[in-house]
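In what follows, chains are A, B, ... by sequence order, proteins preceding strands, each numbered from 1. Keep in mind it's a predicted model, so treat the numbers as computed, not measured. All values below were derived from every heavy atom in this structure, side-chain atoms included, with hydrogens, water molecules and symmetry-related copies excluded.
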Amino acid sequence: MAEFLSLHDAVARYVEDGATVAMEGFTHLIPFAAGHEVIRQGKRGLTLIRMTPDIVYDQMIGAGCARKVIFSWGGNPGVGSLHRLRDAVEKGWPHKVEILEHSHAAMACAFEAGAAGLPLAVLRGYVGSELPSVNDQIKFIECPFTGERLAAVPSVRPDVSIVHAQKADRAGNVLVEGIIGVQKEAVLAAKKSIVTVEEIVDDLTAQADYHPNACIIPGWAITAIAVAENGAYPSYAHGYYPRSNRFYKEWDTIARDRDTFTAWLDEHIYNAGGQS
Amino acid sequence: MAEFLSLHDAVARYVEDGATVAMEGFTHLIPFAAGHEVIRQGKRGLTLIRMTPDIVYDQMIGAGCARKVIFSWGGNPGVGSLHRLRDAVEKGWPHKVEILEHSHAAMACAFEAGAAGLPLAVLRGYVGSELPSVNDQIKFIECPFTGERLAAVPSVRPDVSIVHAQKADRAGNVLVEGIIGVQKEAVLAAKKSIVTVEEIVDDLTAQADYHPNACIIPGWAITAIAVAENGAYPSYAHGYYPRSNRFYKEWDTIARDRDTFTAWLDEHIYNAGGQS
Amino acid sequence: MSLEYTSAEMMTVTAARALENGMTCFVGIGLPSEAANLARLTHAPDVVLIYESGTLQTKPDVLPLSIGDGELCESALTTVSVPEMFRYWLQGGKVDVGFLGTAQIDRYCNLNTTLIGDYQSPKVRLPGGGGAPEIATNAGEVFITLKHSKRTFVKDVDFVTTLGFGRDGKGRDGVPNIGQGPTRVITDLCVMKPDPETKELVVVSLHPNVSREDVIEATGWEIRFADTLETTPEPNARELDVLRELKARTERKHSGE
Amino acid sequence: MSLEYTSAEMMTVTAARALENGMTCFVGIGLPSEAANLARLTHAPDVVLIYESGTLQTKPDVLPLSIGDGELCESALTTVSVPEMFRYWLQGGKVDVGFLGTAQIDRYCNLNTTLIGDYQSPKVRLPGGGGAPEIATNAGEVFITLKHSKRTFVKDVDFVTTLGFGRDGKGRDGVPNIGQGPTRVITDLCVMKPDPETKELVVVSLHPNVSREDVIEATGWEIRFADTLETTPEPNARELDVLRELKARTERKHSGE
C-alpha cells in the first residue's frame, strides 16, 4: 500500500546515493519536481535510466548527481543538444559520466520485460546497427522455432523509479492519462517507486471521466506518493497545463554555458526551497 | 482500410476451409454470431485457436468444422465440460479432433508475440508441468544474461482472427471496452481479421465517453467489419447486454447428448437464417 | 452455543480465513472465488482480488459464474489485457497468493486438471491448465481448496498439469525465481500442509466432528497426521450469514439471467 | 507563372509529395514531421501519422516541437504505451513507411545520429539512436530528408546508428523479416534513390535551378547521377500556402507557451 509522503521525505527515504534510478515520462509527465528535489538533496553516484534523458537529466547531470546514464535518445527535443550531458561526456564536467546507449525499441522492450519479471527482452532489433559494438549488454539469440536471429537486452529493473501522474486517490491508486510512455512499466519494474501527482481525489473509480480500461496503477504496487503541483513543468500534464516549449528553447542558452547553468541551479533549485 | 461487409460475406470471403482461425474474447465479447455463420456456411478442416474454447467452439466442433483445436482451458466456465469437445477428443464424433494445449500464460504471451511480429514468446512458464511432454511446440531457452531457463512457445499468427466489439465508426476504427482479453492481439497477429460490432457510430473520437487511452483498433489494421447486433450472445457486451449465465447452464444439457445437440443445431443455426 | 453449518460451508469459511487483509490474491473460479470473496466481505475488506480475465482489484457483489463475468469488470479498479495480466501482474511478482481448485491432487500437491487416464486416449478429458501452471509457480504461495475424496486425492496424479512439489517432492529445489508453492490445502474434512522437509501433505487440523478415519478413507494414499493435530475453528455466525447471503444473491442473479 | 519559394520549402514539399494518401507513416521529429503533416493537409488527407510517443493516427493542428507534445495526443485516434508502439505497431509490421531525418548519411544510406569522431572520445556527441534503428528495419520502406552539405553527406558515416544498406551495400541481403530500407532521400537540392543493384545513392531528380555542380560540391563522395535526370516539380501555390500557414501557426503557438 502506497505511503503518502512529502516529496522531500520520499526522495530522502528511497533515493540512495549510488542507486539505479529510472525517472520516466515520454516528453509528457516528466517528473521535474522530483528531479529538482534529488539535486537539492545532493544525491550522488546515481545510475540514471531514461529513454529520452531530456532536460531534467541534463540538470541532474550538470549538478553532479549522475555516475552513469542509460538512454536511447539524449537531446532537447526539437531544440538541439543536452549541453550538460555533452559537457560531462565530452569534457568530464563536473565529472566524467559513463554512458550506455540503446535504441528506443530495445529500451521500451527492456522496461516491458522488467515489468513482466523477466531477465531479458527479445526483439527484432539492432539489425545492421553498430550499437552492439559499443554496448556489451546487447546480445543475440536464435529463435528455437524459426532459427531467426533476434536481439536480446537485459530487462530494466531499477532500484527506484520515479514518475509523475495526474491523480492519486486516497487508497493510493494512480491515474496516468494521455501519453503514458513507459510509466506503468517503470513503476512495476522497480524495487521501489515514487509517484508524484498533481492532486489527490477521493476515489478514481467514482470520477466522472472514469474509464474501465484507463491506465491505473493500484496503490499496492506503489511505494510512495507525493503531491507535486505543476510537478512536470516545463514538461506538461495532459488535462492540467501545457508543455512550456518556450522554456525548452530557453534551456539551450542556459545550459550551453557552465556559469549560466550554475547560476540557474542556484537560483531555481538550491535557493528555491522546493515543495515539502 | 477495413471494408464494411455483411457477416455472411465476411465469413464467406475470409474464412477458408483448412484455415487457422482465432476467435477470441475472454468470456466477454465472444463472437457467437460469427461462429454460427461459420457453421452455417459449412466450413471444414479449421484449426481453431482460442485460450478458452467456450461453448462457441463446442458448437463449431460438434458441427464438424474443426480439424484441430489449440487452447489453454476448454470448459464451460463455472458449469463443467464442453461435451462436444470431449466427444470429439474421446470418441471421435463427428470426427477425430486433434488438440494442442498450452497454459493461459503461454497462449496470452503467444498472442502478444504474434501482434508484436515476433516468431516466439518467452515466459517464465511450464516449470514442473508435464504439458511440455505432450506439446512439442513448447521449448526452453537459456537467458544469455542470467542463464535462467525460460519457456518459449511459437507466436500465434492465424490466417484469420474474428473478434466482436462494441462499436466501429464510419472510418472502420473499432472500440473494445471492458474485459479486452487478447482481442487486439488477435486482430494484429492475424493475416486477415473480421470484427463484428454491436453498432456503427459516426466518429469514435467524438463520442461523449471517449478516452485518450481507450482500446481502439484503427480501421487500417482491420480487414472487414460486420454489424452483428447481440453478436456476442449468450456471452455479453459490456454496456449493451449481460451474459446469459442461464444459457451457459442450459448448454450442459443440450450438448451432453448428440441428438439434442443436433436438434439444437438444426433449429438455432441451420434453419435460423442468420444476419446478413 | 454451536451453529449449524454444512461441511461445504466449513470448507469455504476455513479457506476464506487463510487470506489475510491486504494480500493480493489471484483467484481461481469456483470454490477459491467463493472463499476469496467471503474473506473480502468479512475479515479482509482490503484483500485485493485479481482474476485472470484482467480485472484488477475487483469487488463483485455476486459470485461470477465465469472468470470474466461483467460484474468483475464493473467492480474492478481497472481492467487490463490478458497478456498484461499474466506478464506484469502474475509473472511480474505482484501476486502474494494464488488460490486454486483442482480435479486431482497428489501427496506432493501436484495438480491435475488435464485428464484422467492416458493422454493419448483419455478416460475423461478435463478442461486443461488454464492459468494454474504459472499461478502455481509465479505467485508467492498457493492455497488449494477442493472436496476431499479418494477420486480427487490420489497418490500420484495421472498428469502433472501444475507443479506442487513434483513427483519426488523436489520439483522446486534450486529453481530460480519460483514461489514457495502450495502452503495449505483446505478440504471439507481438514487442513493439510506440506511437510517442511519432504513436502508430502500432512493433516494439521481436522474440522469439527471429522475423525482421522474419515480423512484416511477419503485419501488415496497413506495420509500422515501432524503430531499435534488441531481442530479447525468453527465458522462464526457472521461468516455464515455473509456466505449464505452471497450465495443466495448469486443464485438469484444467475437464474434471472 | 513561377512562384517564389525557398530551398527549404522545396525540400519539404518534395518530401511531402513522397507520401501517398492512406499510407501509414512512422514520423520522425523535425523535417519529417513537417513534411508528413504538409502531406496530410494537402494531397494525402488520409495518411496515417504515427509518432513514437504512442500517438496513433494523429492530426496535429500545429507542428509538435517534441515527439510527445500534447497536441499529438489530443488529436490522435488513440494513444498507446511506448512498448506497445514499438512492439505491435512498428515491429508488428503495421507501418508502411518510416520517415527519418539524420545528422550524417553515407553513400549506402546508413545513418549516424550517435556521434562525430571516435566513440570513446567523441568530437561531437549527438542524441543517439532513438527510434531510428528499428524504424529503418521494421517499416516497409524508409524516406529520409535532410539538408544537403558535405558535413552531412559523407562517404562513410562515423558510426552506423541506423542501417541503410550497410558499409558494403549488402546489409539487408538475406536478412529475414526486414523492410526494403531507404527508397528515397530528399534534400534541399535534389532527390536521390539507391541504385537497385549496388544500393549506392544516385541523384534521380534535381530541384529547379540546382545544378549538378551544386550537388557535387555538397556531397562528400563522388555522387552519381541517373542517366535520365529529372527536374523535381515545383511546389504549387496551395502547398506553399498551407506550409507557410502551418509554420506560422506553429511559431505563434510555441512562442506563446
Problem set entry | More than 12 heavy atoms of other groups within 6.0 Å of D:Arg151 CZ | no

Exercise. Any idea which of A:Pro77, A:Ala121, A:Pro234 has the most non-hydrogen atom pairs under 4.5 angstrom with chain D?
Worked result: A:Pro77

Exercise. Checking D:Ser121 against chain A: side chain, backbone, both or neither under 4.5 Å from a heavy atom?
Worked result: neither

For this session: Would you sort out whether D:Asp69 and A:Asn245 count as a side chain to side chain contact (heavy atoms under 4.5 Å, CB included), showing the intermediate values?
Result: CA-CA 9 Å; D:Asp69 276 22; A:Asn245 281 331; 3.3 Å; yes

Seminar exercise, completed: Most heavy-atom pairs under 4.5 Å with chain A, out of D:Pro133, D:Gly171, D:Gly70, belong to D:Gly70

Seminar exercise, completed: Answer key: most heavy-atom pairs under 4.5 Å with chain A among D:Arg167, D:Gln120, D:Met85, D:Glu71 is D:Arg167

Exercise. Which of these passes side chain to side chain contact (heavy atoms under 4.5 Å, CB included) with D:Val82: A:Met51, A:Glu185, A:His104, A:Met107?
Worked result: A:Met51

Exercise. Would you say A:Lys167 has more than 12 foreign heavy atoms packed within less than 6.0 Å of its NZ?
Worked result: yes

For this session: Would you mind checking which part of D:Thr137 comes under 4.5 Å of any heavy atom in chain A, side chain (CB onward), backbone (N, CA, C, O), both or neither?
Result: side chain

Problem set entry | Stepwise side chain to side chain contact (heavy atoms under 4.5 Å, CB included) test for D:His254 and A:Tyr248 | CA-CA 10 Å; D:His254 291 180; A:Tyr248 271 85; over 6 Å; no

Exercise. Pick from A:Gly75, A:Gly181, A:Gly78: which one has the most heavy-atom pairs with chain D under 4.5 Å?
Worked result: A:Gly181

Exercise. Side chain, backbone, both or neither: which part of D:Val124 has a heavy atom under 4.5 Å from chain A?
Worked result: both

Problem set entry | Stepwise side chain to side chain contact (heavy atoms under 4.5 Å, CB included) test for A:Thr27 and D:Ser53 | CA-CA 8 Å; A:Thr27 308; D:Ser53 52; 5.6 Å; no

Exercise. For A:Ala108 and D:Phe86, which heavy atoms make the closest approach, and how far apart are they?
Worked result: CB-CD1, 4.3 Å

For this session: Find the distance between OH (D:Tyr119) and CG (A:Leu131) and round it off to the nearest 0.5 Å.
Result: 7.0 Å

Exercise. What's the spacing between D:Arg125 CZ and A:Arg86 CZ if we round to 0.5 Å?
Worked result: 9.5 Å

Problem set entry | Spacing of A:Thr52 atom OG1 and D:Glu52 atom CD [to the nearest 0.5 Å] | 8.5 Å

Exercise. Side chain, backbone, both or neither: which part of D:Val175 has a heavy atom under 4.5 Å from chain A?
Worked result: side chain

Exercise. Is atom NZ of D:Lys155 surrounded by more than 12 heavy atoms (other residues, nucleotides or ligands) closer than 6.0 Å?
Worked result: no

For this session: Please determine, among A:Gly128, A:Ser72, A:Gly80, A:Ala105, the option with the most heavy-atom pairs under 4.5 Å with chain D.
Result: A:Ala105

Exercise. Can you tell which of A:Asp54, A:Val182, A:Ile179, A:Ile180 has the highest number of heavy-atom pairs within less than 4.5 Å of chain D?
Worked result: A:Ile179

Seminar exercise, completed: In terms of heavy-atom pairs under 4.5 Å with chain A, the winner among D:Ser81, D:Pro64, D:Ala132 is D:Ser81

For this session: Counting only heavy atoms closer than 4.5 Å, note whether D:Glu84 contacts chain A via side chain, backbone, both or neither.
Result: neither

Exercise. At a heavy-atom separation under 4.5 Å, does D:Pro122 approach chain A through its side chain, its backbone, both, or neither?
Worked result: both

For this session: Just give me the residue among D:Gly164, D:Pro83, D:Gly128 that pairs up with chain A most often, heavy atom to heavy atom, under 4.5 Å.
Result: D:Pro83

Exercise. So which of D:Ile29, D:Ile135, D:Asn112, D:Thr161 has the largest heavy-atom pair count under 4.5 angstrom toward chain A?
Worked result: D:Thr161

Exercise. Hey, what do you get for CG (D:Asn110) to CD (A:Glu130), rounding to the nearest 0.5 Å?
Worked result: 8.0 Å

Exercise. D:Asn177 versus chain A, heavy atoms under 4.5 Å apart: side chain, backbone, both or neither?
Worked result: both

Seminar exercise, completed: Max heavy-atom pairs within cutoff under 4.5 Å with chain A, candidates D:Ala136, D:Gly166, D:Cys73, D:Gly117, goes to D:Cys73

Exercise. Taking all atoms of both residues into account, what is the closest heavy-atom pair of A:Val122 and D:Arg87, and its distance?
Worked result: O-NH1, 3.6 Å

Exercise. Is chain A contacted by the side chain of D:Glu134, its backbone, both, or neither, given a heavy-atom distance below 4.5 Å?
Worked result: side chain

Exercise. Do side-chain atoms of A:Glu101 reach the backbone of D:Gly129 as a donor and acceptor pair under 3.5 angstrom?
Worked result: no

For this session: Please examine the side chains of A:His238 and D:Glu74, heavy atoms only from C-beta on, and report whether any two atoms are closer than 4.5 Å.
Result: yes

Exercise. Can you say whether A:Tyr236 sits under 4.5 Å from chain D via the side chain, the backbone, both, or neither, judging by heavy atoms?
Worked result: side chain

Problem set entry | From D:Thr114 atom OG1 to A:Trp73 atom CH2, the distance as rounded to the nearest 0.5 Å | 12.5 Å

For this session: Examine whether an atom of D:Ile178 lies under 4.5 Å from a heavy atom of chain A, and if so say whether it belongs to the side chain, the backbone or both; otherwise answer neither.
Result: side chain

For this session: Taking atom CZ of A:Arg149 as the centre, report whether more than 12 heavy atoms of other residues, nucleotides or ligands fall under 6.0 Å from it.
Result: no

Problem set entry | Contact check, side chains of A:Lys249 and D:Leu65, non-hydrogen atoms, under 4.5 Å | yes

Problem set entry | Region of A:Leu82 in contact with chain D, defined by heavy-atom distances below 4.5 Å | neither

Exercise. Please walk me through it: do D:Phe159 and A:Val134 pass side chain to side chain contact (heavy atoms under 4.5 Å, CB included)?
Worked result: CA-CA 10 Å; D:Phe159 189 89; A:Val134 296; 3.8 Å; yes

Exercise. Around atom NZ of D:Lys150, are there more than 12 heavy atoms of other residues, nucleotides or ligands at under 6.0 Å?
Worked result: yes

